[in-house]
Amino acid sequence: MNNTIRVLQWGLGAMGSGMARLMLEKPGLEIVAAVDNNPAYVGQDLGQVLGVGRDLGVIVTDQPETVLDKANVDIVTIATTSWTARQMPDLRKIITAGINVISIAEEMADAEAQNPELARELDDLAKQHGVTVLGTGVNPGYVLDYLVIVLTGGCHRVTRIEASRVNDLSPYGPTVMETQGVGTTPEAFRKGVSEGSIVGHVGFPESIHMISEALGLGVDRIEETREPIISQVYRETPHVSVEPGMVAGCAHTGVGYRGEEEVIRLVHPQQIHPHLENQATGDYIHIFGEPEVHMAINPEIAGGKATIGITVNMIPHVVAASPGLKRMIDLPAPAALMGASAYARKV
Ligand code: NAD
């Protein structure tokens with residue numbers, strides 16, 4: 001394929017390594033560099049880190065300055081953290097090197113929602129250096145915002161939106177178990193929420209802001225609540241065990257108000273092994289107004305796979321886009337990269 005897009009993968013954890021593996025399948029993409037600060041990866045060939053059974057001729061480095069060269073790299077995909085402020089030093093390096101970037105940090109899905117000053121800095125810096133910066137991911141970035149917005153496309157008017165994502169946390173590692181409070185007592189859960197160690201889902205302010213902005217719903221206040229999902233049965237994963245009466249997950253709700261009126265309600269109960277209590281997973285979107293729209297996807301769109309997919313699939317759009325900080329709603333619709341025409345679409 002002509003004009004192969006050259007990618008630097010930054011962060012080789014669960015998501016970043018999955019992105020890199022998917023890119024290897026795509027003839028329009030070439031991985032030319034990889035950055036991670038995990039000492040177990042630094043100095044290794046990327047192929048060994050990814051476990052693909054062959055060397056790729058790309059050595060993982062923890063010195064990004066040595067590989068951030070716009071003569072060799074068209075775009076960085078970065079999967080390191082959830083927080084915009086924490087990612088800023090790395091984003092500044094990428095942008096000032098004149099290279100496009102896609103971040104899956106949850107707060108980057110709509111950076112303006114919680115970090116308006118950083119969003120302005122990113123937008124100014126990106127325009128100054130002629131590059132595009134996109135935040136995406138399965139959620140925020142897709143299921144509880146982009147899909148909601150697209151489903152209102154035929155509506156004459158929208159009075160209220162309610163959407164939920166019921167998912168299974170079982171595949172995730174120890175960090176997710178801790179930040180969701182899985183395996184704690186209900187008392188420890190409430191203490192963790194009040195102290196900020198149990199955060200539940202990261203992304204409701206971003207999703208609500210994105211929906212409100214796209215439709216012009218005028219949300220002026222967002223409230224979030226986190227409740228423990230108390231298990232009636234024994235549940236376990238390789239990282240945590242939950243006795244009956246203990247916490248199997250976090251039922252997190254975000255509500256956007258315009259004045260006193262509720263206009264957007266997003267609900268995200270996340271727990272390990274929901275099927276043990278006959279809870280099916282799924283994504284549900286209800287749009288009230290004219291006409292009403294009701295969508296149900298069963299089971300849930302697979303979170304890890306879809307984050308990897310949407311990031312890789314957005315690469316050509318980001319490379320082709322005008323400079324600046326973008327959200328999913330600012331770029332052409334995501335589509336699986338299956339053949340030449342998918343790489344050729346321009347903004
Ligand atoms: P992970 O912990 O498995 O991997 C993170 C990797 O980044 C590790 O290899 C670590 O060594 C590396 N790293 C961290 N900071 C770095 C830095 N400054 N420079 C170089 N390397 C660095 O995490 P993951 O599961 O791959 O997820 C990555 C982030 O993406 C998490 O914060 C997660 O919450 C977020 N995420 C967002 C979405 C979404 O829908 N928006 C979906 C999935 C994951």
Side-chain angles (χ1 to χ4, degrees), residues 8-22 33-44 46 48-51 59-68 76-94 101-111 113-114 133-147 165 167-169 171-180 198-207 209-210 239 250 252 266 268 270 283 300-314 327-328 334:
L8 184 163
Q9 178 59 47
W10 190 322
L12 295 168
M15 294 300 103
S17 64
M19 291 171 198
R21 272 186 226 101
L22 183 58
V35 172
D36 198 296
N37 57 16
N38 181 339
Y41 301 159
V42 176
Q44 303 287 318
L46 179 62
Q48 303 306 322
V49 174
L50 299 179
I59 302 300
V60 178
T61 179
D62 60 356
Q63 304 295 316
E65 294 81 0
T66 61
V67 284
L68 282 173
V76 172
T77 44
I78 184 164
T80 54
T81 177
S82 301
W83 321 105
T84 300
R86 202 172 293 173
Q87 202 163 62
M88 278 305 283
D90 295 341
L91 293 174
R92 287 189 189 104
K93 282 182 199 161
I94 298 163
V101 55
I102 302 179
S103 167
I104 64 162
E106 284 89 336
E107 287 189 346
M108 281 292 291
D110 189 335
Q114 299 203 83
V133 179
L134 172 70
T136 193
V138 72
N139 186 39
Y142 190 52
V143 175
L144 289 184
D145 39 48
Y146 186 84
L147 270 186
R165 177 162 167 79
N167 74 336
D168 184 358
L169 287 179
Y172 294 96
T175 309
V176 170
M177 297 306 147
E178 282 162 28
T179 56
Q180 297 283 345
I198 294 177
V199 293
H201 172 61
V202 179
F204 279 141
E206 288 72 21
S207 291
H209 186 260
M210 199 192 302
H239 302 288
C250 177
H252 194 165
L266 303 181
H268 199 8
Q270 306 199 75
D283 297 313
E300 58 164 325
I301 295 179
K305 283 185 185 167
T307 298
I308 290 164
I310 203 158
T311 307
V312 172
N313 291 332
M314 288 306 290
R327 300 157 298 176
M328 286 298 287

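Keep in mind it's a predicted model, so treat the numbers as computed, not measured. Atoms within a ligand are numbered from 1 in the order they appear, just like the ligands themselves. Values below: every heavy atom of this structure, side chains too, minus hydrogens, waters and symmetry copies.
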Hey, which atoms in ligand 1 end up nearer than 4.0 Å to a heavy atom of [X]?
| X | result |
| --- | --- |
| Gly11 | 7 (O) |
| Gly137 | 39 (C), 40 (O), 41 (N) |
| Val138 | 39 (C), 40 (O) |
| Ser82 | 31 (C), 32 (O), 33 (C), 34 (O) |
| Asn139 | 39 (C), 40 (O) |
| Ala14 | 3 (O), 25 (O), 26 (O) |
| Thr136 | 41 (N) |
| Thr307 | 40 (O), 42 (C), 43 (C) |

How far is atom 4 (O) of ligand 1 from the closest protein heavy atom, and which atom is that?
Gly13 CA, 3.2 Å
Report the nearest protein non-hydrogen atom to atom 15 (N) of ligand 1: residue, atom name, distance rounded to 0.1 Å.
Thr80 CB, 3.5 Å
Listed by chain and number, what are the salt bridge (Lys or Arg N to Asp or Glu O under 4.0 Å) partners of Asp145, not counting sequence neighbours?
none
What distance separates [X] [atom1] from [Y] [atom2], expressed to the nearest 0.5 Å?
| X | Y | atom1 | atom2 | answer |
| --- | --- | --- | --- | --- |
| Asp110 | Thr136 | CG | OG1 | 11.5 Å |
| Leu144 | Asn139 | CG | CG | 4.0 Å |
| Met328 | Leu147 | CE | CG | 9.5 Å |

Around Tyr142, counting heavy atoms of other residues, nucleotides and ligands shown, do more than 12 lie under 6.0 Å from its OH?
no
Heavy atoms of other groups near Arg86 CZ, more than 12 under 6.0 Å
no
Minimum heavy-atom distance Gln270-Gly200, with the two atoms named:
NE2-C, 4.5 Å
Mind listing the closest non-hydrogen atom pair of His201 and Gln180 along with its distance?
N-NE2, 4.0 Å
When Val101 is tested against each of Thr77, Leu91, Asp90 for side chain to side chain contact (heavy atoms under 4.5 Å, CB included), which residue passes?
Leu91
Among [options], which one puts a heavy atom closest to [atom]?
| atom | options | result |
| --- | --- | --- |
| atom 29 (C) of ligand 1 | Asn37, Ile78, Thr81 | Thr81 |
| atom 7 (O) of ligand 1 | Pro39, Ala79, Gly16 | Ala79 |
| atom 10 (C) of ligand 1 | Asn38, Val35, Asp36 | Asp36 |
| atom 33 (C) of ligand 1 | Met15, Glu106, Glu206 | Glu106 |

Ala105 versus ligand 1: do any nitrogen or oxygen atoms come within less than 3.5 Å of each other?
no
Are Pro140 and ligand 1 in contact, using a heavy-atom cut-off of under 4.0 Å?
yes
Mark whether atom 18 (N) of ligand 1 lies under 4.0 angstrom from at least one protein heavy atom.
yes
Region of Trp10 engaging ligand 1 - heavy atom pairs below 4.0 Å:
side chain
Side chain or backbone of Ile104 under 4.0 Å from ligand 1, or both, or neither, by non-hydrogen atoms?
both
With distance as the sole test, does Ser17 use its side chain to make a donor-acceptor pair with the main-chain N or O of Leu50 at under 3.5 Å?
no
Any chance the side chains of Gln114 and Thr84 put a donor and an acceptor closer than 3.5 Å?
no
For Leu8, the side chain to side chain contact (heavy atoms under 4.5 Å, CB included) test, sequence neighbours excluded, returns Trp10, Ala33, Val35, Val67, Leu68, Val73, Val76
